[in-house]
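Below, all heavy atoms of this structure are taken into account, side chains as well, without hydrogens, waters or symmetry copies.
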Amino acid sequence: MSDLLAHLNPPQLAAVTLPAQHALILAGAGSGKTRVLTTRIAWLISTGQVGAQGVLAVTFTNKAAKEMQARLAALLPINTRGMWIGTFHGLCNRFLRAHHREAGLSAQFQILDSADQLAAIKRLLKNLNIDDEKYPPRELMHFINAHKEQGIRAAQAEAYDAYTSRRVELYAEYEGQCQREGVVDFAELLLRSYELLQRNEPLRQHYQARFRHILVDEFQDTNRLQYAWLKLLAGRGSGKPDTPGGGACLFAVGDDDQSIYAFRGAEIGNMHDLQREFELPEVIRLEQNYRSHGNILDAANALIKQNRGRLGKNLWTEAGAGEPIRVFEGYSDIAEARFIVEEIGELVRNGVSRQQIALLYRSNAQSRVLEHQLFTEGLPYRVHGGLRFFDRQEIKHALAYLRLLANPDDDTAFARVVNFPTRGIGGRSIEALQEAARQTNSSLYNAAASLAGKPGSAVARFIALIESLRAETKDLPLPEVIDRLIERSGLRQHYLAEKEGQDRLENLDELINAAAGFVHDDGGPAVDGEEAVPDGGPLASFLAHASLEAGEHQAGEGQDAIQLMTVHAAKGLEFDIVFITGLEQGLFPHENAAQEREGLEEERRLMYVAVTRARKRLYLTHAQTRMLHGQTRYCLPSSFLEELPVELLRRINRAVASAPAAAPRPAAGAGWPKPAATNGLRIGQNVRHTRFGLGVIVSTEGAGPEARVQVNFGSGGMKWLALEYAKLTPA
DNA sequence: CTCAATACCTTTTTT
DNA sequence: AGGTATTGAG
């Protein structure tokens with residue numbers, strides 16, 4: 001016990017040992033957030049205030065959930081496996097499996113990932129003969145998901161115009177299709193769980209009485225539905241006070257300054273709402289930072305202060321000020337990359353471990369130049385956030401066969417593999433199947449089975465294949481089922497013949513290994529009188545695992561390599577040395593976000609997250625020109641650079657890099673723009689406009705009196721100006 | 001049905 | 001630029 005609480009600072013200790021009450025913990029970057037969360041759980045359990053089954057701990061990512069579980073296992077001598085620790089989606093899946101009947105689902109219900117969902121929507125539109133130009137599938141998917149995340153069903157959705165009312169109809173059709181097929185998308189997992197809890201009083205009371213303490217990580221990232229779900233479980237959401245047991249204590253940990261997912265529905269407002277609705281007397285702030293040197297924190301604090309409506313927080317450290325923040329300007333993205341790689345070479349020679357160096361960027365497209373340069377110099381690197389294991393096409397194909405075995409009504413799976421590997425069932429045949437399925441209001445599989453009158457037809461052969469596979473794998477263990485299916489479906493043969501198929505075959509073998517290593521978690525031993533609930537068995541469980549946990553990115557995990565990732569992907573991580581690259585107006589802050597204050601503030605939070613990743617040394621780099629969408633763009637430095645106190649910064653300009661500004665290189669030089677003269681102004685030149693201020697000429701058009709120039713005024717936007725009228729002076 | 005050419009798009013992303 | 005998605009020819 002005393003061990004448990006040792007080494008906690010006063011606010012951490014206060015948070016961990018808070019009496020049974022609702023609480024909001026404002027945990028700054030690097031302030032020991034996960035530690036507080038796990039120690040709180042361990043403290044509650046070890047002091048006998050709650051049993052392990054009375055705890056519900058929610059995170060957003062599997063990684064965070066796993067880490068919490070691992071740390072807890074180290075703190076407590078109990079088995080954490082039966083505990084409800086997991087992601088929102090993982091826990092809802094568990095809940096729905098246990099109560100599938102009440103939720104109106106089969107025990108075998110499948111989970112659609114985003115790609116499956118998009119495919120399902122495309123199929124729906126095709127079936128209904130809807131012009132997908134007018135109703136773009138992606139847009140419709142977003143429309144549907146946004147509604148679900150607000151807790152709004154098609155029946156309640158408001159339509160203020162004809163277009164939207166049609167989209168609402170399509171939403172309803174989509175709901176119907178999913179229900180028919182026995183599939184559930186990500187948002188549906190949450191909404192179903194929420195609705196079931198809300199309308200089923202005994203069930204709600206059961207869970208409300210069971211969970212005494214609900215702990216939430218990254219609370220600033222919750223959307224409305226997730227917050228509503230939490231409130232319901234805590235006994236606050238159903239209007240009347242219907243919690244005989246008194247309801248649970250909600251312990252939310254978050255940082256409004258690190259909210260960077262508003263674009264996908266996260267509501268920072270939930271933090272304010274939580275304070276108000278749960279009548280929180282106070283907010284505990286964890287402001288002591290154990291990660292970064294002082295200069296880095298000062299920079300972060302100065303930056304984030306520009307945002308309005310914050311809950312407010314100032315990070316500090318006992319570590320010294322450390323080094324100044326290095327700022328580098330290159331004349332092109334290539335020069336920027338070259339500088340970075342040279343600098344890394346120097347660091348590595350001085351003994352810095354490569355995996356302690358991170359290159360961060362705003363958008364994925366920026367990684368290419370960096371990768372190229374690293375590759376040229378022979379520095380090992382690892383790009384995070386690529387294609388994940390269960391997202392690979394060969395894996396998705398194999399899983400689709402598996403899904404079809406588990407649930408023949410899964411049309412998404414059917415459509416995916418009915419002609420893969422090709423077996424002569426083309427567009428025509430599939431349309432016929434779709435027509436038949438619609439007429440009989442049944443699945444593609446059923447339509448195919450009843451339509452396969454001609455025994456020799458391709459469709460009949462496909463059905464026969466699936467049927468015999470199902471029969472012969474019925475009692476086999478999962479890995480063997482998959483092995484058999486890869487063989488019999490012709491997948492193996494197909495990739496064997498493909499010249500690039502070697503990797504894919506290896507991945508398929510890896511899938512078999514994954515199945516062999518997969519531990520079917522049926523929710524653990526029955527707890528306090530709950531019956532062990534049938535959950536669909538190991539097959540459904542493995543498929544859910546594949547959808548919910550797409551698998552860590554790539555191999556090369558343990559390699560000592562430079563780490564490359566977007567700023568978003570870097571959240572929660574830390575490195576000795578961090579390069580924030582591409583700090584240019586329009587890129588970071590991104591042009592699509594810089595127009596409104598809300599957008600700019602989210603970008604600033606993103607920058608805040610980036611800055612606070614660094615432990616010892618921080619580099620901020622930007623370039624004057626950058627290849628974007630196949631065109632050279634002329635860029636102004638990011639406004640965020642100006643928001644940092646100058647005394648913390650040190651500009652580095654290598655002799656080589658600063659020279660060309662005076663004496664432009666020939667056009668053949670790496671990335672140096674071709675100057676196109678127009679009335680004495682040329683591309684790339686800085687200019688000043690009386691109204692728009694400072695800008696850079698991006699392109700020119702025409703000549704003489706008709707000449708126009710396009711100027712990037714940074715936050716002022718991109719403007720076309722006629723030279724004859726616009727008062728532009730070189731700056 | 002398969003392959004090749006062409007149109008299109010492009011912030012961030014977990015589940 | 002570069003990748004994907006859809007369309008058109010064989």
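Using a 4.0 Å heavy-atom distance criterion, D113(A) is classed as making no nucleic acid contact. Heavy atoms of K571(A) sit nowhere under 4.0 angstrom from any nucleic acid atom. Within 4.0 Å of L190(A), counting heavy atoms only, lies no atom of the nucleic acid at all.
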* To do: In sequence, state the C-alpha distance, the side-chain angles, and the governing distance for Y381(A) and Q563(A), and then conclude on side chain to side chain donor-acceptor pair (under 3.5 Å).
  => CA-CA 6 Å; Y381(A) 64 89; Q563(A) 310 288 307; over 6 Å; no

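In this structure, N145(A) atom CG and dT14(B) atom C1' are separated by 12 Å, rounded to whole Å. Atom pair K66(A):NZ and dT15(B):P shows a separation of 9 Å (rounding to whole Å applied). Regarding L387(A), its CG atom lies at a distance of 15 Å from the C1' atom of dT14(B), rounded to whole Å. Whole-Å rounding puts the H384(A) NE2 to dT13(B) C1' distance at 16 Å. Taking atom CZ of residue R138(A) and atom P of nucleotide dT13(B), one finds them 14 Å apart after rounding to whole Å. Here dT14(B) presents its C1' atom at 14 Å from CG of D185(A), a figure rounded to the nearest Å. Taking atom CG on D217(A) and atom P on dT15(B), their separation rounds to 13 Å, with Å as the unit.
Map F60(A) and R423(A) each onto its nearest nucleotide of DNA chain B; the residue landing nearer the 5' end is R423(A). Comparing S547(A) and S429(A) by the nucleotide of DNA chain B that holds the closest heavy atom to each, the one mapping nearer the 5' end is S429(A).
Here D132(A) does not pair with K122(A) in a salt bridge; the nearest charged N to carboxylate O distance is not below 4.0 Å. A salt bridge links K396(A) to D113(A): at least one charged side-chain nitrogen sits closer than 4.0 Å to a carboxylate oxygen. A salt bridge between R633(A) and E591(A) is present, with a side-chain N of the basic residue lying under 4.0 Å from a carboxylate O of the acidic one.
Taking only side-chain nitrogens and oxygens, N62(A) comes nearer than 4.0 Å to OP1 or OP2 of dT15(B). Within the 4.0 Å cut-off from OP1 or OP2 of dT14(B), not a single side-chain nitrogen or oxygen of S114(A) is found.
Rounded to the nearest 0.5 Å, atoms CE (M271(A)) and CG (D221(A)) are 9.5 Å apart.
Judged as a side-chain hydrogen bond (donor to acceptor under 3.5 Å, both in side chains), and not counting sequence neighbours, the contacts of N307(A) are R604(A).
In the 5' to 3' direction, nucleotides of DNA chain C lying under 4.0 Å from heavy atoms of chain A begin and end at dA1(C) to dT6(C).
Remark: of the listed residues K66(A), R388(A), K63(A), K66(A) is the sole one forming a salt bridge (charged side-chain N to carboxylate O under 4.0 Å, His left out) with E549(A). Under the side-chain contact (heavy atoms from CB on, under 4.5 Å) test applied with K148(A), the options L190(A), L189(A), D185(A) reduce to a single match, D185(A).
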What N/O pairs connect the protein and nucleotides 8-12 of chain B at under 3.5 Å? Give each pair on its own line.
from, atom 1, to, atom 2, distance (Å)
dT11(B), O4', H590(A), NE2, 3.3
dT11(B), O2, R362(A), NH1, 2.7
dT11(B), O2, R362(A), NH2, 2.3
dT12(B), OP1, N364(A), N, 2.7
dT12(B), OP1, N364(A), ND2, 3.1
dT12(B), O4', R362(A), NH2, 3.0
dT12(B), N1, R362(A), NH2, 3.4
dT12(B), O2, R362(A), NH2, 2.4

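Relative ring orientation between F588(A) and F640(A) is described as perpendicular, the plane-to-plane angle rising above 60° on a 0-90° scale split at 30° and 60°. Ring geometry for Y495(A) versus F420(A): interplanar angle of 30 to 60°, hence tilted.
Residue H89(A) places its side chain closer to dT15(B) than to any other of dT15(B), dT2(B), dT14(B).
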